[in-house]
Amino acid sequence: MLSLLASHHHAVALLLQALRTCVWLVIFTAIFVPLEHFFSVRPSKLFYKGWSTNLGWYFVNSLAPIFLLGPPSALLAAASHAVLPASFTGAVAGLPLGVRMVAAMVVGEIGFYWGHRWTHEIPLLWRFHAVHHSAEHVNYLVNTRAHPVDMVFTRLCGLVLLYATGLASPVGPHPTLVPGLVLLIGSAWSYFIHANVRWRLGPLEELISSPAFHHWHHSREDHKDHNYSSMLPFMDRLFGTFYLPREWPAAYGTDTPMPASLSGQLLEPFGPQVGAPAQRSSAGS
């Protein structure tokens, strides 16, 4: 009986997550489709080439973290609790939530930056990250066009630093609140910076990422392997990868071979080696 109830509990949780996923899709569509129509960088049809693949990735990557990100995150929490002194984790957990969140956004961004950069520089990681760069039309839904292995690796790079510094602490009330908020805020902003909107943020673009900043990261021909930050461009300033002219990229995508279908993109990184990052001198997160 207990096992039956447990299985039903997991099924209900999965169904609720699927429902939330559909609700969020409606919200994102209601926000970004009009914006991309009236303020587009490049005019595009509603059902552009590759839209169904992006939609499929949206559902895959809305549900996959439940199974793929939870166990390693729990392991990181347990390891940090075992290694870090209780006095340290307790002191950090006792900081005001606002202070912890600001610190967590900065510290987490360091991890996300390097995790993202490594997916461009390490051939094995690029095989998975190339799925994201295969999009030749960049819009809000491209945000979720990512192989689950790539997504989990990059997120764990940020979470490792959060747990190592005690900012994501397994002690105290609501231990998953800070890492959960960091991932939620970062994910929501990522829809905006992928959006096909020509908005510029002026001087604020030095402080927070914009669509122009991230569209240059997707450039196919010019200044590739720049702008790795998800939210805080000063990381790219600090590590020498910042690039943001007034114009927009001429083309998006990558020359790394990639199937057009969702199933093909899911399996492609496990097959014979595709183009390596060094070959992105003609290739295009």
Side-chain angles (χ1 to χ4, degrees), residues 11-37 39-42 44-70 73 112 115-116 119 127-156 158-159 180-197 209 211 214-215 217-218 230-231 252-254 256 258-270 284-285:
V12 169
L14 185 60
L15 286 174
L16 289 175
Q17 179 61 30
L19 178 60
R20 284 193 292 267
T21 296
C22 292
V23 170
W24 277 114
L25 178 61
V26 171
I27 293 173
F28 288 137
T29 301
I31 293 172
F32 286 109
V33 167
L35 291 178
E36 292 187 339
H37 176 74
F39 304 101
S40 62
V41 178
R42 293 179 178 82
S44 174
K45 296 179 180 179
L46 180 61
F47 299 107
Y48 54 89
K49 180 182 178 181
W51 73 270
S52 59
T53 301
N54 290 341
L55 184 63
W57 277 120
Y58 171 82
F59 284 101
V60 168
N61 286 322
S62 295
L63 300 175
I66 298 176
F67 307 100
L68 300 179
L69 196 58
S73 297
F112 296 140
H116 188 182
T119 63
R127 298 178 69 169
F128 296 94
H129 190 58
V131 170
H132 184 62
H133 278 277
S134 64
E136 297 181 355
H137 171 72
V138 177
N139 70 355
Y140 76 101
L141 208 52
V142 169
N143 175 48
T144 59
R145 186 187 183 111
H147 199 284
V149 173
D150 175 41
M151 177 195 66
V152 169
F153 171 79
T154 306
R155 290 189 176 186
L156 285 178
L159 291 177
L181 285 175
V182 169
L183 292 178
L184 177 63
I185 294 170
S187 296
W189 194 256
S190 193
Y191 281 97
F192 172 62
I193 63 176
H194 282 92
N196 179 28
V197 294
S209 60
H214 194 69
H215 277 225
H217 178 70
H218 280 265
S230 56
M231 289 193 68
Y252 306 109
T254 173
T256 298
M258 188 62 58
S261 67
L262 173 62
S263 58
Q265 292 177 7
L266 188 63
L267 297 175
E268 178 69 17
F270 299 103
S285 159

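If you're wondering where the values come from, they're calculated on a predicted model, not measured in any experiment. When reading the values below, keep in mind they use all heavy atoms of this one structure, side chains included, and skip hydrogens, waters and symmetry mates. Throughout, numbering of the chain's residues begins at 1 and tracks the sequence.
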Trainee: Looking only at heavy atoms, what is the nearest atom pair of V138 and H215, with distance?
Mentor: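 Closest heavy-atom pair between V138 and H215: CG1-NE2, 3.7 Å.
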
Trainee: Rounded to the nearest 0.5 Å, what separates atom OG in S263 from atom CD in E268?
Mentor: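 That separation rounds to 11.0 Å.
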
Trainee: With F28 as reference, evaluate Y191, Y140, F192 under the ring pair (Phe, Tyr, Trp, His ring centres under 6.0 Å) test and give the passing residue.
Mentor: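 Result: among Y191, Y140, F192, Y191 is the only option passing the ring pair (Phe, Tyr, Trp, His ring centres under 6.0 Å) with F28.
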
Trainee: Just how far is it from atom OG of S209 to atom CH2 of W189, taken to the nearest 0.5 Å?
Mentor: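 One finds 6.5 Å between OG of S209 and CH2 of W189.
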
Trainee: Can you classify the ring geometry of H116 versus H217 as parallel (below 30°), tilted (30 to 60°) or perpendicular (above 60°)?
Mentor: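 Rings of H116 and H217: perpendicular, as their planes differ by over 60°.
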
Trainee: Can you list every side-chain hydrogen bond (donor to acceptor under 3.5 Å, both in side chains) pair that touches residues 55-67, not counting sequence neighbours?
Mentor: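 Pairs touching residues 55-67 that pass the test: W57-Q265.
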
Trainee: Which residues pass the ring pair (Phe, Tyr, Trp, His ring centres under 6.0 Å) test with F39, sequence neighbours left out?
Mentor: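 With sequence neighbours excluded, F39 shows a ring pair (Phe, Tyr, Trp, His ring centres under 6.0 Å) to W199, given in chain and number order.
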
Trainee: Which heavy atom of P148 sits nearest to which heavy atom of V60, and what is that distance?
Mentor: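 Smallest heavy-atom distance, with atoms named: CG-CG1, 4.1 Å.
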
Trainee: I need the minimum non-hydrogen distance between F112 and G158, along with the two atoms involved.
Mentor: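 Scanning both residues, the minimum pair turns out to be CE2-CA, 3.4 Å.
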
Trainee: Under the side chain to side chain contact (heavy atoms under 4.5 Å, CB included) test, which residues partner I185, sequence neighbours left out?
Mentor: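 Per chain and number, I185 pairs via side chain to side chain contact (heavy atoms under 4.5 Å, CB included) with M101, M105, M231.
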
Trainee: Check the orientation of H133 and H218. Use parallel for under 30°, tilted for 30 to 60°, and perpendicular for over 60°.
Mentor: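 Aromatic pair H133/H218 classed tilted.
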
Trainee: Test of understanding: with side chain to side chain contact (heavy atoms under 4.5 Å, CB included), list the residues that count as partners of D150, not counting sequence neighbours.
Mentor: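 Partners of D150 under the side chain to side chain contact (heavy atoms under 4.5 Å, CB included) test: T119, F128, H129, A146, H147, T154.
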
Trainee: Look up atom SG in C22 and atom CG in L25, then write down how far apart they are to the nearest 0.5 Å.
Mentor: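 Here the rounded value is 7.0 Å.
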
Trainee: Can you pull out every salt bridge (charged side-chain N to carboxylate O under 4.0 Å, His left out) where at least one residue sits in residues 128-149? Sequence neighbours excluded, please.
Mentor: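 For residues 128-149: E136-R220.
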
Trainee: Hey, does the side chain of T21 reach the backbone of Q17 with a donor-acceptor pair shorter than 3.5 angstrom?
Mentor: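 Checked: pair present.
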
Trainee: Between atom CG of N143 and atom OG of S230, what is the distance when rounded to the nearest 0.5 Å?
Mentor: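 Here the rounded value is 10.5 Å.
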
Trainee: Going from OH on Y48 to CH2 on W51, what distance comes out if it is rounded to the nearest 0.5 angstrom?
Mentor: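 That separation rounds to 9.0 Å.
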
Trainee: Could you list the residues that satisfy side chain to side chain contact (heavy atoms under 4.5 Å, CB included) with I27, not counting sequence neighbours?
Mentor: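 In terms of side chain to side chain contact (heavy atoms under 4.5 Å, CB included), with neighbours along the sequence ignored, I27 is linked to V23, W24, I31.
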
Trainee: How far apart are the closest heavy atoms of N54 and T144, and which atoms are they?
Mentor: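 Nearest pair, atom of N54 first, then T144: O-OG1, 3.7 Å.
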
